[in-house]
Amino acid sequence: MNIPKSHPRYESLKTRELVVSGIKRGTTSLHGLTAHGRGEAFDYLLGEKTNDFAKKSIEAAAAVLLNAKHPVISVNGNTAALVPKELIILSNLLNASLEVNIFHPSKKREIKIKNHLIKNGAKNVLLPDKKYKIKFLESNRKYVNPDGILKADVVFVPLEDGDRTEALIKNGNKVITIDLNPLSRTSQKATITIVDNIVRAMPLLIKKVKQFEKYNHNELKKIIKDYNNKKILKIALKTIKKL
Ligand code: PTJ
């Protein structure tokens, strides 16, 4: 659909169109539409902008990712549709693997997501392997790649559905998420929650990683130490309530 640039809701409609294209391509699940709608509602309540509290989370996320020994970027049907290029840029900057991990099981869709990322410039994309799984999880998300999430110390799981973050934490991982809903299970359980729209947050995260690349270990450690996720979530909720 051709959306006129003059439309007052241009950015929002363009983003929605990306999810629809993902469904037509076969990379995004139909459930992705509901997930996106929920995100849109929270985005309205947050003023459709990157708030200061989200900027703080982005800084902490960049520091944790740069400090990681084996960071992995988990990709699902919605993130592949919304920010494929940004996911690839981040993976190159951090030397982090991209690993497809979806909630609604479909081998066909996993392969389509991988191909979509390759088409967008990714060199290597890992797929889950049914021989390997993480503990404390029943859903399809438990299957992982032995060279990716299985040996990761930090896992980036934007737009997650909530059953995995807790399991990853119990497995000893640090978890970074992007989620417009500060009340979601993932937001509440993650090590770092970026409460912002993924289409706005990803370019800012890339920028911060580039900036912090020059920082030494102690400087990164200080940023991480000074960060408090619970406090950030409280501020996000207060911002919504104030409207
Ligand atoms: O491809 P699959 O099978 O792995 O499925 C992916 C979805 C996203 C459908 C699946 O993980 C799911 O059902 O997720 P939920 O439970 O709807 O949670 C997704 C979270 O992402 C919700 O809390 C939404 O508010 C949030 N969200 C949706 N769109 C955005 C967003 N957060 C940031 N930016 C968005 N654009």
Side-chain angles (χ1 to χ4, degrees), residues 1 3 9 11-46 48 72-87 98-117 119-120 122 125-130 133-134 136-145 148-149 155-169 175-190 193-202:
M1 186 187 146
I3 305 153
R9 307 274 322 137
E11 285 302 329
S12 174
L13 291 175
K14 203 179 64 176
T15 308
R16 191 183 279 185
E17 204 58 27
L18 289 175
V19 182
V20 172
S21 306
I23 289 166
K24 286 184 186 155
R25 193 190 303 119
T27 50
T28 305
S29 116
L30 262 181
H31 312 79
L33 282 177
T34 347
H36 188 73
R38 177 156 46 184
E40 280 184 347
F42 277 98
D43 209 8
Y44 251 88
L45 297 172
L46 288 159
E48 293 180 309
V72 174
I73 300 169
S74 181
V75 185
N76 68 25
N78 282 52
T79 57
L82 291 170
V83 283
K85 291 228 165 17
E86 289 81 358
L87 292 168
L98 290 162
E99 178 167 336
V100 178
N101 182 287
I102 58 177
F103 180 70
H104 306 94
S106 161
K107 198 77 222 151
K108 217 165 135 188
R109 193 157 64 86
E110 284 172 5
I111 292 163
K112 283 190 175 178
I113 293 174
K114 174 176 175 164
N115 291 341
H116 178 58
L117 292 172
K119 211 170 146 192
N120 274 279
V125 179
L126 302 175
L127 289 177
D129 181 335
K130 290 224 161 150
K133 52 185 181 185
I134 59 164
F136 313 117
L137 192 60
E138 289 304 317
S139 75
N140 188 56
R141 289 203 187 279
K142 65 177 176 265
Y143 299 118
V144 290
N145 189 291
I149 292 171
V155 192
F156 181 42
V157 296
L159 276 66
E160 188 81 349
D161 50 77
D163 66 332
R164 183 168 59 145
T165 299
E166 206 173 353
L168 284 169
I169 298 268
V175 178
I176 298 168
T177 191
I178 301 178
D179 192 331
L180 279 159
N181 177 3
L183 290 167
S184 80
R185 199 174 177 78
T186 300
S187 288
Q188 295 287 330
K189 297 289 174 185
T193 309
I194 302 168
V195 183
D196 194 16
N197 197 317
I198 193 167
V199 298
R200 288 191 302 267
M202 280 302 288

- Does a donor on one side chain sit under 3.5 Å from an acceptor on the other, for Arg164 and Thr186? no
- Item | Residues that Asn78 engages under side-chain hydrogen bond (donor to acceptor under 3.5 Å, both in side chains), provided they are two or more places apart | none
- Residue pair Ile134 / Leu168, side-chain heavy-atom distance below 4.5 Å: yes
- In terms of heavy-atom contacts, Asn140 and Ile102 come closest through ND2-O, 2.9 Å
- Does any N or O in the side chain of Lys142 come within less than 3.5 Å of the main-chain N or O of Glu138, such that one atom is a donor and the other an acceptor? yes
- Message: Nearest 0.5 angstrom please: Thr27 OG1 to Asn115 CG, how far?
- Response: 10.5 Å
- Message: Is there a side-chain contact between Ile176 and Val157 in this structure, where contact means two heavy atoms from C-beta onward sitting under 4.5 Å apart?
- Response: no
- Message: If you compare all heavy atoms of Pro128 against all heavy atoms of Glu110, which two are closest, and at what distance to 0.1 Å?
- Response: CG-OE2, 3.5 Å
- Kindly determine whether Leu18 and Val83 satisfy side chain to side chain contact (heavy atoms under 4.5 Å, CB included), including the steps that lead there. CA-CA 9 Å; Leu18 289 175; Val83 283; over 6 Å; no
- So, for Leu126 and Gly148, which heavy atoms are closest and what is the spacing to 0.1 Å? CD1-CA, 3.6 Å
- Task: Apply side chain to side chain contact (heavy atoms under 4.5 Å, CB included) to the pair His104 and Arg109, showing each step before the final yes or no.
- Result: CA-CA 9 Å; His104 306 94; Arg109 193 157 64 86; 3.6 Å; yes
- Residue pair Ser139 / Phe103: nearest heavy atoms and the distance that separates them: CB-CE1, 3.7 Å
- Is a donor on one side and an acceptor on the other found under 3.5 Å between the side chain of Thr165 and the backbone of Gly162? no
- Message: Quick check against the 3.5 Å criterion: does Glu99 have a side-chain atom that pairs as donor or acceptor with the backbone of Ile149?
- Response: yes
- Are any of the side-chain heavy atoms of Phe42 and Pro182 separated by less than 4.5 Å? yes
- salt bridge (Lys or Arg N to Asp or Glu O under 4.0 Å) evaluation trace for Glu17 with Lys14: CA-CA 5 Å; Glu17 204 58 27; Lys14 203 179 64 176; over 6 Å; no
- Mind checking the OG-CD1 spacing from Ser29 to Ile23? Nearest 0.5 Å is all I need. 7.0 Å
- Query: What do you reckon, is CZ of Arg16 surrounded by more than 12 foreign heavy atoms closer than 6.0 Å?
  - Reply: no
- Is there a side-chain contact between Phe156 and Ser74, using heavy atoms and a 4.5 Å cut-off? no
- Item | Axial cation check for Tyr143 ring with Lys133, 6.0 Å and 45° limits | no
- Here the gap from Glu40 atom CD to Leu13 atom CG, rounded to the nearest 0.5 Å, amounts to 8.0 Å
- Message: Side chains of Val75 and Leu87, heavy atoms from C-beta outward: is any pair under 4.5 Å?
- Response: yes
- Item | Gap between atom CD of Gln188 and atom OG1 of Thr193 - 0.5 Å precision | 7.5 Å
- Message: Testing the basics here: between Ile113 and Ala80, what is the closest heavy-atom pair and its distance to 0.1 Å?
- Response: CG2-CB, 3.8 Å
- Message: Keeping Asp43 on the side-chain end and Gly39 on the backbone end, is there a donor-acceptor pair under 3.5 Å?
- Response: no
- Item | Which residues share a side-chain hydrogen bond (donor to acceptor under 3.5 Å, both in side chains) with Thr177, sequence neighbours left out | none
- How far does CG of Asn101 sit from CD1 of Ile73, to the nearest 0.5 angstrom? 13.5 Å
- Query: Which of these, His31, Arg185, Arg141, sits in a side-chain hydrogen bond (donor to acceptor under 3.5 Å, both in side chains) with Asp161?
  - Reply: Arg141
- Message: Ignoring hydrogens, what is the shortest heavy-atom contact between Pro158 and Thr79? Give both atom names and the distance.
- Response: O-CG2, 3.6 Å
- Side chains of Val195 and Asp179: does their closest heavy-atom pair fall under 4.5 Å? no
- Any side-chain heavy atom of His36 within less than 4.5 Å of one from Thr28? no
- Task: For Asn145 and Asp129, test the side chains for any donor-to-acceptor distance below 3.5 angstrom and give the result as yes or no.
- Result: no
- Do Arg200 and Glu48 have side-chain heavy atoms sitting under 4.5 Å apart? yes
- Message: Quick check for you: to the nearest 0.5 Å, what is the distance between Leu180 atom CG and Ile198 atom CD1?
- Response: 9.5 Å
- Item | Basic-acidic side-chain contact under 4.0 Å: Lys189, Asp163 | no
